[in-house]
There are 2 protein chains.
Amino acid sequence: MTPVATREPGAAKRHTINDVARLAGVSKKTVSRVINESPFVKEETRKAVLEIMRETGYVPDPQARGLAFRRSFLVGLIYDNPNPQHTISHQQGLLDAMAGSGFELVVRPVDRNSPKLLDDMRDFVERQKLFAVVLPSPVSEDEKLAALLRELDVPYVRIGSVALDEPDRMLVSHDGRGAAQAARHLADLGHTRIALISGPPTFRSSIERRKGFEEGLAEAGLTLAPDLAKIGAYTYESGVAAAHDLFALEARPTAVFCLNDEMATGVYTAAREAGLRIPEDVSVVGYDDAPIAVRLWPPMTSVRLPLRDMGRMAGEMLVPNALREKRADAHEVQPQLVVRGSSAKAP
Amino acid sequence: MTPVATREPGAAKRHTINDVARLAGVSKKTVSRVINESPFVKEETRKAVLEIMRETGYVPDPQARGLAFRRSFLVGLIYDNPNPQHTISHQQGLLDAMAGSGFELVVRPVDRNSPKLLDDMRDFVERQKLFAVVLPSPVSEDEKLAALLRELDVPYVRIGSVALDEPDRMLVSHDGRGAAQAARHLADLGHTRIALISGPPTFRSSIERRKGFEEGLAEAGLTLAPDLAKIGAYTYESGVAAAHDLFALEARPTAVFCLNDEMATGVYTAAREAGLRIPEDVSVVGYDDAPIAVRLWPPMTSVRLPLRDMGRMAGEMLVPNALREKRADAHEVQPQLVVRGSSAKAP
DNA sequence: CTGAAAGCGCTTACAG
DNA sequence: CTGAAAGCGCTTACAG
C-alpha cells in the first residue's frame, strides 16, 4: 500500500480533496460524493475513499465547501437577554447538539429595540450565508425578524414561552404551566391573598406566566386582587420596589409570586426591610431557578426551565449530526416547580 | 450615471466583485485592491470604486476571501470557566471590539483537563483557519495550548492574572493587586485574625490572589496564620464547609477573605448557621464582584475585575477595526476593591 | 498605478 | 455508478 504522509507537526499542509482523489485513484467528484454521502457510489469505492480519508486525516475545508454550496457551516445565535445565565445555558446546549457536527456557533448579541435591527440582521445572515439561526426569547418574539429569515430562506428555531410559529420552527417552553404550578402550590398551602410581581408586558414570557398564574389561581377558586398585581421590570430593584408597596398594604399578601428570580430576590430584601420573615410571615416563589435561588436564605422555591436542554433541542432541530440518529422530534419542554424553604403554610 | 440596481427585497442576488468591477469600469483586481486598502490605487479610481460599492451595497464575501487568503474571518473564544458571568462578560467585550469589523466570534467551550484537548484544538483551529484566538483563564494557563497556537501560527491573546507570555499575547489582570487591596482594607479596619479561603491550586488566579493577599498582610505587619488558611474549590458549597471549620475554631477569625464570590456567599450561609452577624461579628470580603454581591444582605465587599473591558481589550489586540484608530496599546487592567456593608471594624 | 491568468478547495450541472 | 469541465467569489503571483 502506498505510504501516506500523516499530519506532520508544524509545516505539513493539510490534505485536500485532490490528494485524496489521487491516492484513492478516483476523481475528486467521487470523493465529493463520499463526503456528501451520496448514494450513487459503489460500496467498494466508498470504503476505499473513506480509508484514504482516515489515513490522511483529511477533513473537507468548510470555507471551500461553503463557497461552492453558497451556504456556510455556521449557526447563528441571536440574543438580547438581560440574563447571562439564560444565554450561556442556551449556548451550552446548542453546542452540545453541534459537537462533532462540523458546524460552528457564531454568537450575536443585539438590541431588539434598535431601529437598525432588521438591516443588521439581513446583512449578518446574508453575508455569512448562515446555515441556520436560533432565536431565544425575547428576540424570538419579533415577528418581523422571523419574516425576514423566511424571506432569506434561512432555517430557524424560535425558543419561546408559547407557540408563535409552525411546529418545526418553534421550541415551546410552556411558561404558563410553570406559573400555574406555582399558583396551585401556594393555594394548596392555604394562601388566599397571593400577590404577583410580573415583568414588563413587552416580554411575552411575562404575559404567558401571568396568564398561567391566574389560571392556576382560578382552578383553586381564587382570583388575583388588583391591588396585589404589580408590574416590575424583571430586575432586582423593581422587585424590591414592588414588594415594598405590597408590604405596606393594610391587608398585605401572605405570599408573593414573582415572574423571575431577580425580582423574587428583591422581595427577600424588601421583606427584611419590612421586618417580615420568609416563609413564616410571607411565602416567596420565583421563576427561573437561577443559581441564586439556593444561595439565599431560606432557599427559594422557584420554577425551573431546562435552559440547556432547550438550547440542545433547538440545535438538534437545525443541525444534522452524524453522532445522532436523527433530528429531534420533540419540540417542547415542561417547566417544573422546585419547592424549597421560602414557601410554607399561610400564617 | 448608469442606474444601479439597489438591493431588491427577496430574490436579488448579492452583488459580487465582478459587478462592481464592471460598473466601475475597472478590473476586479483593482476592486480587490480597494477592498484591501492597497496604497497602489489612484485616489480617483479608489473613490469611483468606493462609490459603486456604496451604491450597490456591495460587501465582499468572507468565505471567498477566506478561501483565497487561506484564512478565515473568524475569531475563536476558547473557554472552560465554571463561572458563566465571566464567560458572558468576556464574550460581550470581545464582541464590542469586533462590532462592525466584519469578523465574527465563534465560541468553543472545552474541558481543559481532557486528554483530547490539544488534538481537538488543532483540528478546530486548522479546519476553521481561525484568524485569531482568545483564551480566558483558566484555559490561558495551558502552556501546551499556547505552544500549539504558535506552532499553527495563529495570533492569540491569553487573559490571565499574571504575565505568562510575551506582552503582545497577554492581557494581565493583576489579580494579586486586588487581593492586596482587600488585605490592607481589613488590616485598616483593625482586623488581625484574618482568614483566607482560597481556590484550587490548579487555578493560577488562586495562587496569584493568595500571594497578593499575603503581601498585603505583610505590608500591615500581619501574617496568615496556618490554621486560618483554608483551601476551597471556588464553589459555594466549599465556601460553606471551609467557613464552618473556621467558625468552629476557639480563636475564630474576625474577618474572612474569599478568593471568589461564590465561596464568600457560602461564608454568609455558614455565618448564619453559626449565629454570627456580618459584619458585627465577622467581616467578609469576596472576589469578582458578581451580581450576587449586591443582592446579599449585607451587600458584600468584593474585588472587581473589569471583565467586559478585558474581553474588549483582548479583541482590540487581535482584530483590526476601521471604527477604531488603531489597536490597543494597553495590555493590562487593574482590579478594584468595592467596599460595601460586609466589612467593618474588628469587634 | 492597473490587469489577465491561475488558483484557493470544494460543488453544480452535464455527460456518459 | 463515475468523471471532465465550469464555477462559487475572492486573492496571489506575474506582467506591464
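Note on naming: letters A, B, ... go to the chains in the order of the sequence lines (proteins, then strands), and numbering restarts at 1 for each one.
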Colleague: Rounded to the nearest Å, what distance is computed from the NZ atom of residue B:Lys129 to the P atom of nucleotide D:dT11?
Modeller: 15 Å

Colleague: Rounding to a whole Å, what distance do you find between A:Leu67:CG and D:dT11:P?
Modeller: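 From A:Leu67 CG to D:dT11 P: 12 Å.
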
Colleague: Among the candidates C:dC10, D:dT11, D:dG3, find the nucleotide nearest to the side-chain atoms of A:Arg65.
Modeller: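 Selected nucleotide (nearest to the side chain): C:dC10.
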
Colleague: Salt-bridge test for B:Glu143 and B:Arg158: reply yes if a basic N is under 4.0 Å from a carboxylate O, no otherwise.
Modeller: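 Salt bridge: yes.
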
Colleague: Rounded to the nearest 0.5 Å, what separates atom CG in A:Leu130 from atom CZ in A:Phe73?
Modeller: 12.5 Å

Colleague: Any side-chain N or O of A:Ser32 under 4.0 Å from OP1/OP2 of C:dT11?
Modeller: yes

Colleague: Side-chain contact, heavy-atom cut-off 4.5 Å: A:Arg204 with A:Ser137?
Modeller: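 No - every pair of side-chain heavy atoms lies 4.5 Å or more apart.
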
Colleague: Please state whether the phosphate of C:dG9, meaning OP1 or OP2, lies under 4.0 angstrom from any side-chain nitrogen or oxygen of A:Thr16.
Modeller: no

Colleague: Within the modelled atom types, does a donor on one side and an acceptor on the other bring the side chain of B:Arg70 and the base of D:dT11 under 3.5 Å apart?
Modeller: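 Such a pair does not exist between side chain and base.
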
Colleague: For C:dA4, which nucleotide in any strand shown is its Watson-Crick or wobble partner with both distances under 3.5 Å?
Modeller: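 Result: none.
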
Colleague: Across the strands shown, which category fits A:Asn36 at heavy-atom distances under 4.0 angstrom: base, sugar-phosphate, nothing?
Modeller: sugar-phosphate

Colleague: Taking the nucleotide of DNA chain D with the nearest heavy atom to each, does B:Arg33 or B:Tyr58 sit closer to the 5' end?
Modeller: B:Tyr58

Colleague: Indicate yes or no: does B:Glu316 engage B:Arg312 in a salt bridge with an N to O separation below 4.0 Å.
Modeller: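 Yes, charged N to carboxylate O under 4.0 Å.
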
Colleague: Does D:dT2 have OP1 or OP2 sitting under 4.0 Å from an N or O in the side chain of A:Thr30?
Modeller: no

Colleague: In whole angstrom, give the distance that lies between atom NZ of A:Lys28 and atom P of C:dC8.
Modeller: 9 Å

Colleague: Tell me the interatomic distance from A:Asn18, atom CG, to C:dT11, atom C1', rounded to whole angstroms.
Modeller: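 Computing the A:Asn18:CG to C:dT11:C1' distance gives 13 Å.
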
Colleague: Using only side-chain N and O atoms of B:Thr45, determine if any of them is under 4.0 Å from OP1 or OP2 of C:dC1.
Modeller: no

Colleague: Given atom CD of B:Gln63 and atom C1' of C:dG9, what is their separation to the nearest angstrom?
Modeller: 12 Å

Colleague: Applying a 4.0 Å non-hydrogen cut-off, can you work out what B:Phe69 is touching in the nucleic acid: base, sugar-phosphate, or nothing?
Modeller: sugar-phosphate

Colleague: Given that both distances must come in under 3.5 Å, which nucleotide forms a Watson-Crick or G-U wobble pair with C:dA13?
Modeller: none

Colleague: What is the nucleic acid contact for B:Lys42, judged by heavy atoms within less than 4.0 Å: base, sugar-phosphate only, or nothing?
Modeller: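 Sugar-phosphate, no base atom in range.
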
Colleague: The side chain of B:Ala68 lies closest to which of these nucleotides: C:dG3, C:dT2, C:dC8?
Modeller: C:dC8

Colleague: Whole-Å distance between C:dT11 C1' and A:Phe73 CZ?
Modeller: 10 Å

Colleague: Take a 6.0 Å sphere around CD of A:Glu43 and say whether it holds more than 12 heavy atoms from other residues, nucleotides or ligands.
Modeller: yes

Colleague: Once you round it to whole Å, what is the distance between P of D:dG9 and NE2 of B:His15?
Modeller: 12 Å

Colleague: For A:Ile17 and C:dG7, give me the distance from atom CD1 to atom P, rounded to whole Å.
Modeller: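 Checked: the CD1 to P distance equals 17 Å.
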
Colleague: Hey, could you give me the CG/CG distance between B:Asp165 and B:Leu171, rounded to the nearest 0.5 Å?
Modeller: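 Spacing of CG (B:Asp165) from CG (B:Leu171) equals 12.0 Å.
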
